[in-house]
There are 2 protein chains.
Amino acid sequence: MRHLLVLKYIEKIARTGSLRSAAEELGITASALNRRILGIEQELGVEIFERHPAGLRPNIAGEILLKYIRDQIADMDRVKSRIADLSGMRAGHINIATTREAVAYFLPALIKRHLAEFPAVTFGVNIYERGEAEISLLDNTNDIAIVFEPIHLREMQTVYTGTQQVFCIMSADHPLAERQSIKIYDCIDFPLLLPKHPEGIRLVLDATAGKIGITLEPALESNSLNLLRLMSQDSEALSFSLAINLRPDLGKDRLISVPLDMGGVHAGNLVAGHLRGRTLPIAAARFLETVNKNLSISFS
Amino acid sequence: MRHLLVLKYIEKIARTGSLRSAAEELGITASALNRRILGIEQELGVEIFERHPAGLRPNIAGEILLKYIRDQIADMDRVKSRIADLSGMRAGHINIATTREAVAYFLPALIKRHLAEFPAVTFGVNIYERGEAEISLLDNTNDIAIVFEPIHLREMQTVYTGTQQVFCIMSADHPLAERQSIKIYDCIDFPLLLPKHPEGIRLVLDATAGKIGITLEPALESNSLNLLRLMSQDSEALSFSLAINLRPDLGKDRLISVPLDMGGVHAGNLVAGHLRGRTLPIAAARFLETVNKNLSISFS
DNA sequence: TAAAGTGTTGCAAAAAATGCAACACCAGAA
DNA sequence: TTCTGGTGTTGCATTTTTTGCAACACTTTA
């Protein structure tokens, strides 16, 4: 709830005891946070925090306000819960069709978060080869499709469409590791670990190579993206990954990722949507909205 | 309070029933307001207004939200007054509910004097029809009620109660002008200028007349007490006024006032108080005490 | 059919929030 | 003392958000 933001800021400061620590936890700057507080204090005409060298501590006015804030946040939660009850997004089953690329880290995290808010919702996640996910919407086998480079876009009502940057994954001590970005041309001197053909990312890579008149000759082909990535470890071999599929803790495997400059070739589209003309059950619609929001934020 | 802005927007729309009318009252554009609503609805994942050709009407989710909003706004007011209290009880906002009879000369003078002593206090004076002022205490719209002949006395904690002498106002050269007091019986031969019905003083006059078996037939009815008074000027017509509403400088308009002997009928009560069971903010409590003191001194 | 009301949306301008960097201050350690 | 590491604050350029204008699509009423 956006209108509670400022209140949550205040609450966080009261809990951490200092502007800077609160700011860090909130993911904003101390200065921004500070000005928010100064603004509130000006609105109230009273200071709500005592300024100590060690940080901020609520004064009596602050304590009164904090009580209000905590109540208000709790009340809002209750309101949201009641609204969720009567609009039916509380319960239901959601079947999701997706491709291997999209599913690795993004979807599990998202489902987990959604489940925290709507525990009674159940999920089915079904992985398809390129092109098949969209088809599966036709007979309502699945409610939502999240796919990379869809083939049957006509059948879909898309809610989110966005390009996905391709990253090249390599060992941390690889000759190319220092680069800000690399071109496909730079890659051909090293062993290439590529996904098998119908995979969307392979398509994009082949197109990029084709543009400059070369053919990619993979040292290893597999449809296990994880296998490909691990093969890069401690070798000169290169593998590739979409932004959405990039593991957050690559460093732990002594790997790093470098964006691939595709030289004007259209980076592939990631698409989320449902069957055209179908009105989704509320639970599914709600989740799709969450998907859309998160994709938009993560890959802008 | 800035963070309540959006909430107040919603509340306003619910009250006016349409985007455009609400926008106008709020001093913004319909489009801006509309986007605010769309934003909230997206945040909640649910629509909160039904779209009718005639305008917007809250749906069930909206009603739930509205309850929350009204509570939060009221709570915030309470917080602000509590905070004002502890900053030396010299500041605060006082909302006063009253009826037309009580407000003309007494209240302005009192507020003026109070303001001289407590310049940081701000006032809101709201005039209601008979019976409505007390009701307005219930939702904390007003802190203090000063009313003549209240209907809903149960809801009120009265601080002052006292009868109000009724005066008959007439031209200075009126045949009755020399009297020490007059009876209602004396009046019926002259044109009567009476307030309209729900007005408390009219009630008292009717009761007095009823006791001796006559009905008052007004030459003019109005709910502007000032108009009635001025109509008495240079004519034989009689108007009536409560002691509290008696203008100090009647002589300037060539008018005089003569007490009305009501022949045993209970003169109406003037009551000042607040919502039963509520502890007033200090600023309001303080003003109510001033009201009490002045009423007690003036009409003993 | 025309008029007057409704909500909605694209686009450019205005306003608000933010991050960066520097500052001033204080407590405790060297 | 002087230095270090912590605090909150502020000016400025930038980014993000909000807003108003105008036009649109739609429904009800005259």
Side-chain angles (χ1 to χ4, degrees), chain A residues 1-59 61-62 65 157-162 289 292-300, chain B residues 1-59 61-62 65:
Chain A
M1 278 307 86
R2 201 175 175 95
H3 80 277
L4 291 176
L5 248 192
V6 204
L7 305 189
K8 287 182 176 164
Y9 285 179
I10 296 175
E11 214 275 335
K12 178 70 84 179
I13 293 176
R15 207 134 34 113
T16 64
S18 104
L19 208 53
R20 289 183 134 97
S21 54
E24 188 179 8
E25 288 193 32
L26 292 167
I28 59 173
T29 337
S31 71
L33 187 53
N34 179 42
R35 268 186 278 242
R36 273 260 152 87
I37 300 306
L38 294 178
I40 287 281
E41 290 185 329
Q42 189 169 16
E43 269 190 308
L44 286 172
V46 190
E47 291 202 342
I48 57 175
F49 286 108
E50 294 168 357
R51 270 68 169 177
H52 293 130
L56 298 183
R57 157 175 320 184
N59 62 17
L65 188 65
Q157 176 94 300
T158 68
V159 171
Y160 169 87
T161 305
E289 206 30 63
N292 176 27
K293 202 188 306 173
N294 277 274
L295 284 175
S296 302
I297 292 173
S298 304
F299 314 105
S300 55
Chain B
M1 280 303 87
R2 196 167 184 103
H3 80 277
L4 291 175
L5 248 193
V6 205
L7 304 189
K8 287 181 176 167
Y9 285 178
I10 296 175
E11 214 275 336
K12 178 70 85 180
I13 294 176
R15 205 131 37 106
T16 65
S18 106
L19 209 53
R20 288 183 134 99
S21 53
E24 188 177 8
E25 288 193 32
L26 293 168
I28 59 173
T29 335
S31 71
L33 186 54
N34 179 42
R35 269 184 279 240
R36 273 263 152 83
I37 299 305
L38 294 178
I40 288 281
E41 290 185 330
Q42 189 168 14
E43 269 189 308
L44 286 172
V46 190
E47 291 201 343
I48 57 176
F49 286 107
E50 294 168 357
R51 270 67 169 178
H52 293 130
L56 298 182
R57 158 175 320 182
N59 61 17
L65 188 64

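Reminder, nothing fancy here: chain letters follow the sequence lines and each chain counts from 1.
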Next on the checklist: What does the B/S/- profile of nucleotides 13-20 of chain C look like, 5' to 3', with a 4.0 Å heavy-atom cutoff to protein?
Outcome noted: ----SBBB
Checklist outcome for this item: Its contact letters, B for base, S for sugar-phosphate only and - for none at protein heavy atoms under 4.0 Å, make nucleotides 24-30 of chain C read --SS---
Checklist entry - Is A/Met1 close to B/Leu44 at the side-chain level, that is, under 4.5 Å between some pair of heavy atoms? => result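 The answer is yes; the side chains approach within 4.5 Å.
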Using the test side chain to side chain contact (heavy atoms under 4.5 Å, CB included), find all partners of [X] that sit at least two apart in sequence or belong to another chain.
X: A/Lys293; value: A/Ile297
X: B/Glu24; value: none
X: A/Asn294; value: A/Phe106, A/Leu110, A/Arg113, A/Thr290

Next on the checklist: Near DNA chain C, counting only heavy atoms under 4.0 Å, which residues of residues 11-21 of chain B show up?
Outcome noted: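 Contacts with DNA chain C under 4.0 Å: B/Ser18, B/Leu19, B/Arg20.
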For [X] and [N], give me the distance from atom [atom1] to atom [atom2], rounded to whole Å.
X: B/Glu24; N: D/dG20; atom1: CD; atom2: P; answer: 13 Å
X: A/Phe49; N: D/dT9; atom1: CZ; atom2: P; answer: 11 Å
X: A/His52; N: D/dT9; atom1: NE2; atom2: C1'; answer: 17 Å
X: B/Ile37; N: D/dT18; atom1: CD1; atom2: P; answer: 13 Å

Item to check | Pairwise side-chain hydrogen bond (donor to acceptor under 3.5 Å, both in side chains) hits with a residue in residues 26-46 of chain A, at least two apart | outcome: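 Found A/Glu41-A/Arg51.
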Checklist entry - Which pairs pass side-chain hydrogen bond (donor to acceptor under 3.5 Å, both in side chains) with one or both residues in residues 6-20 of chain B, sequence neighbours excluded? => result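 Residue pairs with at least one partner in residues 6-20 of chain B: B/Glu11-B/Arg15, B/Glu11-B/Arg70, B/Lys12-B/Glu25, B/Thr16-B/Ser21, B/Ser18-B/Ser21.
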Item to check | Pairing stems for DNA chain C [at least three consecutive pairs; Watson-Crick or G-U; under 3.5 angstrom] | outcome: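 DNA chain C forms these stems: C:1-30 with D:1-30.
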Item to check | Interatomic distance, A/Leu33 atom CG to A/Leu26 atom CG [nearest 0.5 angstrom] | outcome: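 One gets 6.0 Å once the value is rounded to the nearest 0.5 Å.
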